[in-house]
Amino acid sequence: MILIVDDKSENIYSLKKLLESRNFKVDTAFSGEEALKKILKNQYALIILDVQMPDMDGFEVAEAITGYSKSKDVPIIFLSAYNHKDKKYIIKGYESGAIDFVLKPIDTDILLLKVKTLQRLYYQTHELNVVQAKLLKEIEIRKQAELKKDEFLSIASHELKTPLTSIKAYTQLLERSLDNNDKSVSRIYLERSKVQLNKLESLIADLLDISKIESGELKLNKAPFNFNEMLLTTIDIIRQTHNNTNIIIKNRAIEEDVFGDIVRIEQVIINFLTNAIKYSEEGSLIEINAFVEEEHLQLHIIDRGIGIPAEQQKNIFNKFFRVEESSFKFQGLGIGLYICSEIIKQHGGKVGVLSDVNKGSDFYFTIPLHNK
Ligand code: ADP
């Protein structure tokens with residue numbers, strides 16, 4: 001919209017008619033003060049300012065506009081009976097050059113040409129500003145991602161080094177116990193090394209999964225499988241690898257076969273269960289609730305652990321996300337849940353969490369029972 005500012009209504013009327021006849025949208029103000037009020041409220045693409053006005057003249061209005069961040073780049077055409085094209089009338093803040101003069105009596109062809117050019121300039125600048133803001137935002141997002149990646153790399157190397165250092169130490173102790181022919185002690189060190197090796201293996205598997213997800217190569221091997229059998233085996237694996245666990249299955253068995261990638265679904269359940277153990281007190285109760293509803297399998301793993309603050313729950317399945325309050329106390333990479341959510345997504349399902357701080361969490365997923 002174009003704003004015409006002139007104290008003489010006959011001038012405004014003829015200019016308004018001329019511009020409207022060329023399909024420009026026009027607003028009017030009869031004084032500098034009225035113009036400033038309107039400029040504060042509305043967005044204009046061009047202002048046509050009469051220079052000779054009582055009280056506040058056109059140059060004073062322009063000077064005032066440069067102070068408004070919203071309209072400091074709006075082009076101005078000054079209408080004047082005199083030629084002001086000398087340096088002292090170049091208004092500060094308008095160095096962009098989006099200023100022009102039209103001498104009275106007005107040559108309408110010249111005025112229209114200037115209106116068109118300046119209005120186009122305004123819209124182009126506006127578009128450029130939008131693109132620039134978008135680019136700046138994009139750069140900021142990438143910078144953040146880069147920072148997260150660096151942070152992840154340093155945590156990942158630390159996480160990989162910890163079991164490796166333990167294995168090295170146990171191997172030396174094993175060597176010494178073998179020298180002493182102490183078989184029972186050797187066995188203990190061997191067992192401890194095995195635990196650390198398993199940790200290392202699962203860390204590397206997670207890292208490989210992340211790179212597969214990034215390159216879109218996390219392929220599933222879907223087939224019908226017996227869900228109950230898989231669940232019982234999974235719980236057995238957890239009981240063997242974690243001492244003092246208290247896991248119960250709440251409901252009766254699921255009769256139907258489930259269609260999916262058994263290895264990947266087992267991976268999700270192991271991940272939910274190990275988190276439930278890791279973020280709870282030793283031996284505290286963990287419930288598994290699996291059932292079928294509306295042709296979907298739904299599985300909940302409910303713990304009575306530290307819980308997750310409400311404002312952090314929405315990010316919990318994001319890559320590299322760890323709850324800040326607990327990240328110093330518990331080791332981890334913040335990728336397990338992200339991998340789980342990608343696996344479930346590829347099954348056409350959904351993951352979610354319900355949680356209360358210091359009361360516990362309910363991590364769940366649903367997947368369609370059958371292939372569609
Ligand atoms: P990691 O445990 O390796 O950090 P995850 O992706 O498995 O990574 O989990 C992401 C974050 O979610 C964890 O750092 C932890 O803060 C939080 N979290 C996951 N499971 C639970 C749970 N059962 N109870 C409380 N917090 C949890």
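Scope of the values below: all heavy atoms of this structure, side chains included, with no hydrogens, waters or symmetry mates. In each ligand, atom 1 is the first atom listed, and ligand 1 is the first ligand listed.
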Salt bridge or not between Arg142 and Glu146? Use side-chain N to carboxylate O under 4.0 Å.
no
Quick look: Lys278 vs ligand 1, heavy-atom contacts under 4.0 Å, and the answer is side chain
* **Gap between atom CG of Leu190 and atom OG1 of Thr171 - 0.5 Å precision** =>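 One finds 9.0 Å between OG1 of Thr171 and CG of Leu190.
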Atom 4 (O) of ligand 1 sits nearest the protein heavy atom Arg322 NE, 2.6 Å
Quiz prompt | Nitrogen or oxygen atoms of Gly336 and ligand 1 under 3.5 Å apart | solution =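 Yes, there is a polar N/O contact under 3.5 Å.
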Discussion item. Residue-level breakdown please: for Leu337 versus ligand 1, do any non-hydrogen atoms fall below 4.0 Å on the side chain, on the backbone, on both, or on neither?
Written reply: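 Both of them.
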shortest atom 11 (C) of ligand 1-to-protein heavy-atom contact is with Phe321 O, 3.7 Å
query = Should Lys219 and Asp261 count as an ion pair when the cut-off is N to O under 4.0 Å?
reply = no
Chi angles and distances behind the salt bridge (Lys or Arg N to Asp or Glu O under 4.0 Å) call for Glu151, Lys148: CA-CA 5 Å; Glu151 198 184 322; Lys148 275 207 152 171; over 6 Å; no
Practice prompt. Tell me which protein heavy atom sits closest to atom 1 (P) of ligand 1, plus the residue, atom name and distance to 0.1 Å.
Written response: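 Protein heavy atom at minimum distance: Gly334 N, 3.6 Å.
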If you scan protein heavy atoms around atom 18 (N) of ligand 1, the nearest is Tyr279 CE1, 3.8 Å
Ranked by distance from atom 7 (O) of ligand 1, the top protein heavy atom is Asn275 ND2, 2.9 Å
Would you call Phe363 a ligand 1 contact, heavy-atom distance under 4.0 Å?
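Flag set, Phe363 near ligand 1.
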Q: Could you tell me which atoms of ligand 1, counted from 1 in the order shown, lie closer than 4.0 angstrom to a heavy atom of Ser326?
A: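 Answer, ordered by atom number: 16 (O).
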When distances are taken from atom 3 (O) of ligand 1, the protein heavy atom at minimum range is Leu333 N, 3.0 Å
Atoms of ligand 1 under 4.0 Å from any heavy atom of Ile335, numbered from 1 in the order shown, are 6 (O), 8 (O)
Pair Glu325, Gln312: side-chain N/O donor-acceptor within cut-off below 3.5 Å:
yes
Ligand 1 to Gly307, heavy atom cutoff 4.0 Å, flagged ligand atoms 25 (C)
Here the atoms of ligand 1 under 4.0 Å from any heavy atom belonging to Ile316 are 12 (O), 17 (C)
Criterion side-chain hydrogen bond (donor to acceptor under 3.5 Å, both in side chains) on Asp209 and Gln267, from CA distance to verdict:
CA-CA 11 Å; Asp209 278 350; Gln267 181 182 348; 2.9 Å; yes
* Asked: With respect to Asp362, which candidate in Asp303, Leu354, Asp356 satisfies the side-chain contact (heavy atoms from CB on, under 4.5 Å) definition?
  ->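 So the option named by the test is Leu354.
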**Prompt:** With a 4.0 Å cut-off, would you call Lys114 and Asp100 a salt bridge?
**Reply:** yes
**Request:** For ligand 1, find out whether one of its N or O atoms is nearer than 3.5 Å to an N or O atom of Val323.
**Result:**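 There is such a contact, yes.
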(request) Kindly say whether Ile4 contributes a backbone atom to a donor-acceptor pair with the side chain of Thr28 at under 3.5 angstrom? (result) no
TODO: Looking only at distances, please establish whether an N/O atom of ligand 1 is found under 3.5 Å from an N/O atom of Tyr338.
DONE: no
Worksheet item: Quick one: nearest non-hydrogen protein atom to atom 26 (N) of ligand 1, plus distance?
Response: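 Answer, as residue, atom name and distance: Ile308 CG1, 3.4 Å.
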**OP:** Give me the one residue out of Ile235, Asn246, Ile277 that meets side-chain contact (heavy atoms from CB on, under 4.5 Å) with Ile286.
**Re:**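 With Ile286 as partner, side-chain contact (heavy atoms from CB on, under 4.5 Å) holds for just one option, Ile277.
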Q.
Would you say that more than 12 heavy atoms from the other residues, nucleotides or ligands in this model lie under 6.0 Å from the NZ of Lys104, or not?
A. yes
Honestly, for Asp303 the part within reach of ligand 1 (heavy atoms, under 4.0 Å) is side chain
